[in-house]
Amino acid sequence: MHRFFIAHTEIKNSAILTITDHQEVHHAKTVLRLQPNDQIIVFDQKGKEAVGTIVALDKSSVQVRVDYMQPPRKERGPRIILACAIPKNAKFETIVEKSTELGVDELIPIITQRTIVKVKGEDVKKKSKRYQTIAVNAAKQSNRTSVPNVRDAMTFKT
């Protein structure tokens, strides 16, 4: 069953949820060509997961009726935080993806003295948003119920 992430909505039994994220709506409508009455799984940042039925689709939203909540998954061991220096090229995106699949809870991009990629000003927010999108996609792919928090890039001293 296809999985979709809902960022700012609480998942409750028998509720009607609205997916408004542009990428999620595009994926459901255009890529997967889902139709009303198709079943999907929705999950949120808090680890809640539910099976739902699509009620309606349009260009900007997908409405889902929650059929039943999945039982909560067993709590795993300690919280894992990965602080990693930013490598050159797009290798940090791979680090975000693979560490999400492995179960990291939080990622902190570190700018060190020898970091080749210099991220400044407006680019910090853009990169952070891109990394968070990669983390969401990796969480969907690996069947995780939570998405790791990817912080803005910072220096080692910070």
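We count residues from 1, following the sequence as given.
Taking hydrophobic clusters as Ile, Leu, Val, Met, Phe, Trp and Tyr residues chained together by side-chain heavy-atom distances below 4.5 Å, Leu32 shares a cluster with Val64. When the side chains of ILVMFWY residues are joined at heavy-atom separations under 4.5 Å, either directly or via intervening members, Phe92 and Ile111 end up in a single hydrophobic cluster. Following chains of ILVMFWY side-chain contacts shorter than 4.5 Å, one can reach Ile95 starting from Tyr131, so the two form part of one hydrophobic cluster.
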Stepwise side-chain contact (heavy atoms from CB on, under 4.5 Å) test for Val51 and Met1: CA-CA 9 Å; Val51 174; Met1 217 175 302; 4.0 Å; yes
Test log, rule side-chain contact (heavy atoms from CB on, under 4.5 Å), inputs Leu82 and Ile108: CA-CA 6 Å; Leu82 174 64; Ile108 306 171; over 6 Å; no
Full working for side-chain contact (heavy atoms from CB on, under 4.5 Å) between Phe43 and Lys140: CA-CA 9 Å; Phe43 68 102; Lys140 287 168 40 178; 3.6 Å; yes
Derivation and outcome, side-chain contact (heavy atoms from CB on, under 4.5 Å), residues Lys29 and Val62: CA-CA 8 Å; Lys29 189 173 176 5; Val62 177; 5.7 Å; no
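Remark: Glu106 CD is packed, more than 12 non-hydrogen atoms of other residues, nucleotides or ligands lying under 6.0 Å away. The 12-atom threshold is exceeded at CG of Asp58, counting heavy atoms of other residues, nucleotides or ligands nearer than 6.0 Å. With a 6.0 Å radius and a threshold of 12 heavy atoms from other residues, nucleotides or ligands, Arg79 has its CZ atom above the threshold.
Put simply, the side chain of Glu49 does not reach to within 4.5 Å of the side chain of Met69, judged on heavy atoms. With a 4.5 Å cut-off on side-chain heavy atoms, Ile40 and Ile54 count as touching. The shortest side-chain heavy-atom distance between Ser99 and Leu107 falls under the 4.5 Å cut-off. By the 4.5 Å heavy-atom criterion applied to side chains, Gln39 and Asp67 are counted as neighbours. In this structure, the side chains of Leu17 and Val66 come closer than 4.5 Å at one or more pairs of heavy atoms. For the pair Ile19 and Ser61, the minimum side-chain heavy-atom distance is 4.5 Å or more. When side chains are defined from C-beta on, Val147 counts as touching Gln132, because their heavy atoms get closer than 4.5 Å. Under the 4.5 Å side-chain criterion, counting only non-hydrogen atoms from C-beta, Ile86 is not in contact with Ile110.
One distance of note links CZ of Phe4 with CD1 of Ile6; it measures 10.0 Å at 0.5 Å rounding. Here CD of Gln141 is found 6.5 Å from CD of Glu101. Values are rounded to the nearest 0.5 Å. To the nearest 0.5 Å, atom CD1 of residue Ile41 and atom OG1 of residue Thr145 are 11.5 Å apart. Note that CG of Leu34 is 5.5 Å distant from NE2 of His2, once rounded to the nearest 0.5 Å. Note that NE2 of His27 and CG of Asn137 are 8.0 Å apart. Values are rounded to the nearest 0.5 Å. A distance of 11.0 Å separates OG1 of Thr20 from CD of Gln63, quoted to the nearest 0.5 Å.
Of all non-hydrogen atoms in Ala135 and Val150, the two that sit nearest each other are CB-CG2, 4.1 Å. Of all heavy-atom pairs between Arg151 and Pro109, the closest is O-CD, 3.3 Å. Across every non-hydrogen atom of Ile80 and Gly103, the tightest pair is CD1-O, 4.3 Å. Shown here for Glu97 and Ala138, the closest heavy-atom pair between the two residues is O-CB, 3.7 Å. Scanning all heavy atoms of the two residues, the minimum distance from Ile16 to Arg65 falls at CD1-CB, 3.6 Å.
Ion pairing between a basic and an acidic side chain is recognised when a charged N comes within 4.0 Å of a carboxylate O; Arg3 and Glu24 show no such pairing.
The main-chain N or O of Gln35 is found under 3.5 Å from a side-chain atom of Asp38 such that the two form a donor-acceptor pair. Side-chain N or O atoms of Thr100 include one that pairs as donor or acceptor with a backbone N or O of Val96 at under 3.5 Å. Side-chain atoms of Asp105 never come within 3.5 Å of backbone atoms of Ile81 as a donor-acceptor pair (strictly under, hydrogens ignored).
A donor and an acceptor atom, one from each side chain of Arg144 and Ser146, are located under 3.5 Å apart.
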